[in-house]
*Asks:* 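Before I ask anything, let me first share the structure, which is written out below as structure tokens.
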Amino acid sequence: MPTYTPPVADTRFVLDQVLKLDRFSNLPGFQSATPDMVEAILDQGGRFCADVIFPLNHDDASVTTPKGFKDAYKQLAEGGWIGLAAPEEFGGQGLPHVVATAFEEYLISSGVAFAMYPGLSQGAMAALHAVGSDAQKALYLPKMVTGEWTGTMNLTEPHCGTDLGLIKTKAVPNDDGTFAISGTKIFISAGEHDMAGNIVHLVLAKLPGAPEGSKGISLFIVPKFLPDADGNPGTRNGVVCGSIEEKMGIHGNSTCVMNYDGATGWLLGEENKGLAAMFIMMNAARLGVGLQGIGIAETAYQNAVAYAKDRRQGRALTGPAEPDNPADTLFVHPDVRRMLMEAKANLEGARALILWGALQNDLSHHAADEADRVAADELLGLVTPVIKGYLTDLGYQIATNSQQVFGGHGYIREYGMEQYVRDARIAMIYEGTNGVQAMDLVGRKLPRHGGKAAMALFGLISADIAEAKDGPQAELAGHLEKAVGQLQAGAMWLMQNGLKDPNNAGAAAYPLMTMMGIVAIGWMWLKMARAAQAQIDAGEGDKAFLEAKLITARFYAERVLPDAGALRRKLEGGAEAVMALPVEAF
Ligand SMILES: Cc1cc2nc3c(=O)[nH]c(=O)nc-3n(C[C@H](O)[C@H](O)[C@H](O)COP(=O)(O)OP(=O)(O)OC[C@H]3O[C@@H](n4cnc5c(N)ncnc54)[C@H](O)[C@@H]3O)c2cc1C
């Protein structure tokens with residue numbers, strides 16, 4: 001059976017030494033995030049995840065949640081873990097997102113199917129908070145923050161997932177200001193379950209006479225039970241779970257077909273502006289899905305490391321490493337090391353990137369001046385498709401490589417590794433497929449405001465490179481500088497050739513997203529290496545941990561950053577060969 005230990009020391013290194021959260025102690029939320037408080041959250045939260053959630057991460061599926069989920073959910077809710085970053089006025093703890101994100105990684109690592117229940121609530125709460133009326137917020141948020149009620153997002157229909165302009169679900173106005181919602185939604189995560197007193201569905205639907213396409217979509221609150229005058233669950237609403245999907249992974253999370261038959265709904269936000277409201281929820285959810293990528297991969301990686309230390313096969317190429325044993329451990333083989341080092345370097349870098357992204361989320365709300373809030377918001381918008389797309393690609397790759405370390409034993413159920421591969425696969429698909437994330441990056445995020453966010457990001461990276469160039473991290477800075485150059489050249493090619501032929505932009509999108517992910521994680525490695533070096537020079541910290549950071553940074557520089565060059569050449573090949581073959585020739 002797999003095991004899991006929350007990587008608390010690594011999280012603390014990123015929060016304390018790399019992001020230096022104490023710099024923000026004057027901002028709302030951060031005041032309570034004292035080092036002691038953060039330490040308590042990570043230690044207690046990590047223990048809760050490892051002791052209570054992780055043992056439940058087996059593969060049962062049902063609308064009645066698997067044995068143990070209900071009690072664990074009650075503990076999660078009562079412990080206040082769901083509302084860590086929710087505003088205090090609605091019963092949350094008002095802590096920074098960057099701290100809540102650190103905890104959520106442990107929750108996902110302990111059981112992604114379980115973690116999705118509170119995860120979907122958080123997306124729904126983000127939309128309610130951003131566009132809900134005061135009355136809607138007062139009715140729903142306190143119950144969702146405490147976990148008494150959960151939330152869902154209902155976008156997908158049988159004939160449309162990516163192209164939501166095609167949705168058919170209808171919202172007909174009732175005389176009392178509510179709406180009658182009718183239609184079928186599919187693939188709705190956490191659409192039905194037995195862990196909460198009510199389920200608050202946020203549903204995309206069209207009003208009569210609404211404009212065609214995505215400009216005519218509105219968002220509605222459709223609770224499973226209609227709240228009574230006191231705000232408690234009352235009459236059953238006209239929405240039922242028609243069936244649950246039999247799927248490849250995340251079996252412990254219900255994926256439901258939801259049938260709406262004249263269900264009572266309330267408009268959330270403005271008429272025909274539903275997609276914009278839904279995007280608030282989706283942006284929060286996209287970061288959450290990026291976190292799923294690395295959260296699942298972390299557990300797979302930890303178990304691959306344990307197996308490689310234990311399993312003995314063959315001899316080191318340089319001669320027996322342990323002649324007294326009949327064979328050496330898997331760790332002597334460079335090819336096994338390749339998989340484990342790639343996993344370690346990408347995971348630790350991705351953890352830093354996602355925590356940096358969560359910090360931008362906090363700064364976009366709470367930074368002292370408007371210009372800093374806008375800058376943080378734009379940086380976050382730019383990296384969101386990269387965090388969702390690239391980090392979930394990495395998560396799957398790390399999960400299969402960790403399985404590979406087990407050889408045939410990774411393929412059979414007994415060791416639990418094949419579950420991580422199956423669980424990691426969905427993160428590349430939902431919340432907008434990774435191809436769609438790449439299109440969002442090149443079509444919307446990069447060109448936005450004349451490329452201002454991209455220039456700001458490049459400016460930040462260049463400043464760190466310039467500071468590192470004459471110091472002990474000069475070599476790493478040099479590798480990163482080359483990769484940034486490849487990325488900038490790729491983006492320039494895209495700007496010049498994407499307009500000439502839009503298929504060039506479509507064909508270049510994925511390699512560009514990947515390059516940007518590689519560079520962003522490389523940037524985090526430069527920051528981490530410099531922070532580790534500073535602690536070593538000051539004679540502080542755990543020397544072995546810090547030296548491992550320097551060696552892993554070097555691995556990333558030499559074995560991952562060079563991929564940016566090949567991706568640039570691929571990108572500059574343009575769309576011709578991609579689009580040339582007639583459909584009949586396939
Ligand atoms: C387990 C699970 C849970 C889910 N949970 C939810 C949920 O809670 N709520 C919800 O609303 N939905 C949910 N979904 C739906 C999920 O978000 C969609 O499946 C996903 O967005 C893709 O839509 P689709 O399946 O219709 O694929 P399609 O849109 O048909 O896409 C098929 C392929 O074409 C590509 N493609 C489509 N359009 C374009 C384009 N314009 N440019 C480039 N490529 C394109 C896609 O990338 C994909 O590879 C879930 C799905 C699963 C499997």
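Atoms within a ligand are numbered from 1 in the order they appear, just like the ligands themselves. Numbers here are sequence positions counted from 1.
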*Asks:* Can you tell me the protein heavy atom closest to atom 20 (C) of ligand 1 and the distance?
*Replies:* I429 O, 3.9 Å

*Asks:* Quick one: are the ring centres of W81 and F103 less than 6.0 Å apart?
*Replies:* yes

*Asks:* Could you tell me whether atom 14 (N) of ligand 1 has a protein heavy atom closer than 4.0 Å?
*Replies:* yes

*Asks:* Note the single closest protein heavy atom to atom 21 (O) of ligand 1, along with its residue, its atom name and the distance in Å.
*Replies:* G432 N, 3.9 Å

*Asks:* Side chains of K388 and N434: donor-acceptor distance under 3.5 Å anywhere?
*Replies:* yes

*Asks:* Between I426 and ligand 1, find which residue part has any heavy-atom pair under 4.0 Å and reply side chain, backbone, both or neither.
*Replies:* side chain

*Asks:* Do you see a protein non-hydrogen atom under 4.0 Å from atom 29 (O) of ligand 1?
*Replies:* yes

*Asks:* K273: what forms a salt bridge (charged side-chain N to carboxylate O under 4.0 Å, His left out) with it, not counting sequence neighbours?
*Replies:* E270

*Asks:* Does S189 come within less than 4.0 Å of ligand 1, judged by its heavy atoms?
*Replies:* yes

*Asks:* Establish whether atom 17 (O) of ligand 1 and some protein heavy atom are separated by less than 4.0 angstrom.
*Replies:* yes

*Asks:* For atom 39 (C) of ligand 1, tell me which residue out of L202, T162, L204 has the closest non-hydrogen atom.
*Replies:* T162

*Asks:* Taking the side chain as everything from C-beta on, heavy atoms only, tell me whether V257 gets closer than 4.5 Å to I188.
*Replies:* no

*Asks:* Would the F179 and F220 ring centres measure less than 6.0 Å apart?
*Replies:* yes

*Asks:* Short N/O distance, under 3.5 Å, between G161 and ligand 1?
*Replies:* yes

*Asks:* Closer than 4.0 Å to some heavy atom of K247 - which atoms of ligand 1 meet that?
*Replies:* 1 (C)

*Asks:* Looking at ligand 1, does any of its N/O atoms fall within less than 3.5 Å of an N/O of L155?
*Replies:* yes

*Asks:* May I ask you to check whether H201 and T152 show a side-chain donor-acceptor distance below 3.5 Å?
*Replies:* yes

*Asks:* Hydrogens and angles aside, do D71 and Q75 bring a side-chain donor and acceptor to less than 3.5 Å of each other?
*Replies:* yes

*Asks:* For a quick check under 3.5 Å, do E157 and T169 share a side-chain donor-acceptor pair by atom type?
*Replies:* yes

*Asks:* Considering only the protein, which heavy-atom contact is closest to atom 25 (O) of ligand 1, and what is its distance?
*Replies:* F187 CE1, 4.2 Å

*Asks:* Do you see a donor-acceptor pair shorter than 3.5 Å between the side chains of D194 and T65?
*Replies:* yes

*Asks:* Can you find a protein heavy atom closer to atom 9 (N) of ligand 1 than 4.0 Å?
*Replies:* yes

*Asks:* Indicate yes or no: at least one non-hydrogen side-chain atom of F406 is less than 4.5 angstrom from one of N303.
*Replies:* yes

*Asks:* If I apply the N/O under 3.5 Å rule, does T156 come out as touching ligand 1?
*Replies:* yes

*Asks:* When you check the gap from the basic side-chain N to the acidic O, do E192 and K224 get nearer than 4.0 Å?
*Replies:* yes

*Asks:* Give the residue, atom name and distance (to 0.1 Å) of the protein heavy atom nearest atom 44 (N) of ligand 1.
*Replies:* V436 CG2, 4.5 Å

*Asks:* Establish whether atom 52 (C) of ligand 1 and some protein heavy atom are separated by less than 4.0 angstrom.
*Replies:* yes

*Asks:* Identify, by atom number and element, the atoms of ligand 1 in contact range of E431, meaning under 4.0 Å from any of its heavy atoms.
*Replies:* 17 (O)

*Asks:* Using only atom types and a distance under 3.5 Å, with no angle test, would you say the side chain of H193 pairs donor to acceptor with the backbone of S254?
*Replies:* no

*Asks:* Would you say atom 37 (C) of ligand 1 makes contact with the protein, given that contact here means a non-hydrogen protein atom less than 4.0 Å away?
*Replies:* yes

*Asks:* Nearest protein heavy-atom contact for atom 42 (N) of ligand 1: which residue, which atom, what distance?
*Replies:* M439 CG, 4.4 Å

*Asks:* Decide yes or no for H251 and Q419: does some side-chain heavy atom of the first lie under 4.5 Å from some side-chain heavy atom of the second?
*Replies:* no

*Asks:* Any N or O of M153 that comes nearer than 3.5 Å to an N or O of ligand 1?
*Replies:* yes

*Asks:* If you measure from each non-hydrogen atom of T433 to ligand 1, which part falls under 4.0 Å: side chain, backbone, both or neither?
*Replies:* side chain

*Asks:* Can you find an N/O atom of G435 closer than 3.5 Å to an N/O atom of ligand 1?
*Replies:* no

